[in-house]
Chemist: 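Okay, here's the structure, questions in a sec.
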Amino acid sequence: MLFGFRKNKASVWTATIVLLLSAYALPVIGEEQKTIEQYISDATPYLHHSCASAWDSTDGNADEYVAIINRFVAVVFINHDFDIQRLADAPAADQEQLRVLFYDEIGERCAADSQKLLAGVVENSLVHAFDVMKGRGG
């Protein structure tokens with residue numbers, strides 16, 4: 001198993017994406033300052049996408065898929081008032097662990113039901129990853 005995924009038809013594409021995504025940093029760190037309205041505006045055109053339809057809309061381009069996810073992550077940070085600076089100040093190992101937890105959770109949720117709305121999957125996955133890290137003292 002790779003990042004907790006079994007190689008079957010329902011999850012092969014998800015496992016592949018998770019591997020590609022795991023190399024990316026969370027999007028809001030180091031990004032040029034935007035207003036809340038700009039973050040929401042950037043995410044709005046993608047709110048209707050499920051896990052599968054977002055992937056299909058990118059024609060299998062992992063960078064574009066990551067960009068869609070990142071738009072949602074920024075809004076989740078705003079919705080939940082996450083402290084971005086605290087995350088930026090965390091040790092690199094903790095940041096990496098959070099990334100892996102986050103992307104694994106997206107993969108598992110999308111593999112379980114590829115028709116789930118991606119925005120909800122991203123939100124639930126990020127909240128879950130932060131909860132797990134908080135429980136570990138991270």
Side-chain angles (χ1 to χ4, degrees):
M1 276 203 312
L2 194 60
F3 285 106
F5 295 106
R6 292 184 191 95
K7 295 273 187 177
N8 61 43
K9 285 183 180 179
S11 65
V12 169
W13 71 269
T14 306
T16 303
I17 293 305
V18 169
L19 281 174
L20 294 169
L21 295 178
S22 65
Y24 289 86
L26 291 174
V28 225
I29 298 172
E31 190 171 277
E32 187 176 313
Q33 198 67 5
K34 290 184 180 182
T35 66
I36 290 173
E37 291 78 19
Q38 287 171 314
Y39 283 118
I40 293 169
S41 179
D42 287 350
T44 299
Y46 303 94
L47 290 174
H48 68 284
H49 278 297
S50 67
C51 294
S53 70
W55 178 248
D56 292 343
S57 75
T58 68
D59 292 325
N61 182 315
D63 289 335
E64 288 181 35
Y65 194 74
V66 169
I68 293 171
I69 289 172
N70 287 346
R71 286 177 178 97
F72 295 143
V73 169
V75 174
V76 174
F77 270 83
I78 293 164
N79 276 345
H80 292 273
D81 199 26
F82 288 136
D83 185 349
I84 297 168
Q85 189 58 51
R86 184 173 174 206
L87 180 59
D89 293 342
D94 288 349
Q95 290 181 26
E96 180 60 21
Q97 191 174 24
L98 178 65
R99 256 190 303 281
V100 170
L101 284 167
F102 171 60
Y103 291 123
D104 278 354
E105 191 68 18
I106 288 175
E108 289 176 20
R109 290 173 188 254
C110 284
D113 182 356
S114 65
Q115 296 309 307
K116 285 182 181 178
L117 285 176
L118 183 59
V121 168
V122 170
E123 179 167 19
N124 292 334
S125 297
L126 191 57
V127 169
H128 171 78
F130 273 113
D131 285 346
V132 169
M133 290 299 293
K134 184 177 177 183
R136 294 180 182 172

Chemist: Can you name the closest pair of heavy atoms from A43 and R71 and give their distance?
Modeler: CB-O, 3.8 Å
Chemist: Quick one: are Y39 and I36 in side-chain contact, heavy atoms under 4.5 Å?
Modeler: no
Chemist: Spell out, as yes or no, whether a donor-acceptor pair under 3.5 Å connects the side chain of S53 to the backbone of H49.
Modeler: no
Chemist: State which residues pass side chain to side chain donor-acceptor pair (under 3.5 Å) with E123; sequence neighbours excluded, sorted by chain then number.
Modeler: H80
Chemist: Would you list the pairs meeting salt bridge (Lys or Arg N to Asp or Glu O under 4.0 Å) in which at least one residue belongs to residues 35-45, sequence neighbours left out?
Modeler: K34-D42
Chemist: Under the side chain to side chain contact (heavy atoms under 4.5 Å, CB included) rule, collect the residues that match up with A112, sequence neighbours excluded.
Modeler: none
Chemist: Nearest 0.5 Å please: distance from the CG atom of N124 over to the NZ atom of K116.
Modeler: 8.0 Å
Chemist: Measure across C110 and Y65 and return the closest heavy-atom pair with its distance rounded to 0.1 Å.
Modeler: SG-OH, 4.4 Å
Chemist: With T58, which residues qualify under side chain to side chain donor-acceptor pair (under 3.5 Å), at least two apart?
Modeler: none
Chemist: Where do C51 and D113 come nearest, in terms of heavy atoms and distance?
Modeler: SG-O, 4.4 Å
Chemist: Over all heavy atoms of both residues, which pair between D94 and A90 is shortest? Give the atoms and the distance, please.
Modeler: CB-CB, 4.4 Å
Chemist: If two hydrophobic side chains count as joined below 4.5 Å and joins carry through other members, does V127 share a cluster with F102?
Modeler: yes
Chemist: Check for me, please, whether L117 and V73 land in the same ILVMFWY cluster - side-chain distances under 4.5 Å, paths through other members count.
Modeler: no
Chemist: Do you know which two heavy atoms are closest between Q115 and A52, and how far apart they sit?
Modeler: NE2-CB, 3.8 Å
Chemist: Tell me if the CG atom of L47 is crowded by more than 12 foreign heavy atoms within 6.0 Å.
Modeler: yes
Chemist: Can you check side chain to side chain contact (heavy atoms under 4.5 Å, CB included) on F77 and L126, steps first, answer last?
Modeler: CA-CA 9 Å; F77 270 83; L126 191 57; 3.7 Å; yes
Chemist: Atom CD of Q95 and atom CG of D89: how far apart are they, to the nearest 0.5 Å?
Modeler: 8.5 Å
Chemist: With rounding to the nearest 0.5 Å, note down the distance linking OG in S57 to OH in Y46.
Modeler: 7.5 Å
Chemist: How would you list, by chain and number, every residue that makes a side chain to side chain donor-acceptor pair (under 3.5 Å) with D81, sequence neighbours excluded?
Modeler: none
Chemist: Could you list the residues that satisfy side chain to side chain donor-acceptor pair (under 3.5 Å) with H48, not counting sequence neighbours?
Modeler: none
Chemist: Using every non-hydrogen atom in the two residues, find where L101 and A129 come nearest and quote the distance to one decimal.
Modeler: CB-CB, 3.9 Å
Chemist: Hey, could you give me the CG/CD1 distance between L118 and I68, rounded to the nearest 0.5 Å?
Modeler: 7.0 Å
Chemist: V132 and V122: same hydrophobic cluster, using ILVMFWY side-chain contacts below 4.5 Å?
Modeler: yes
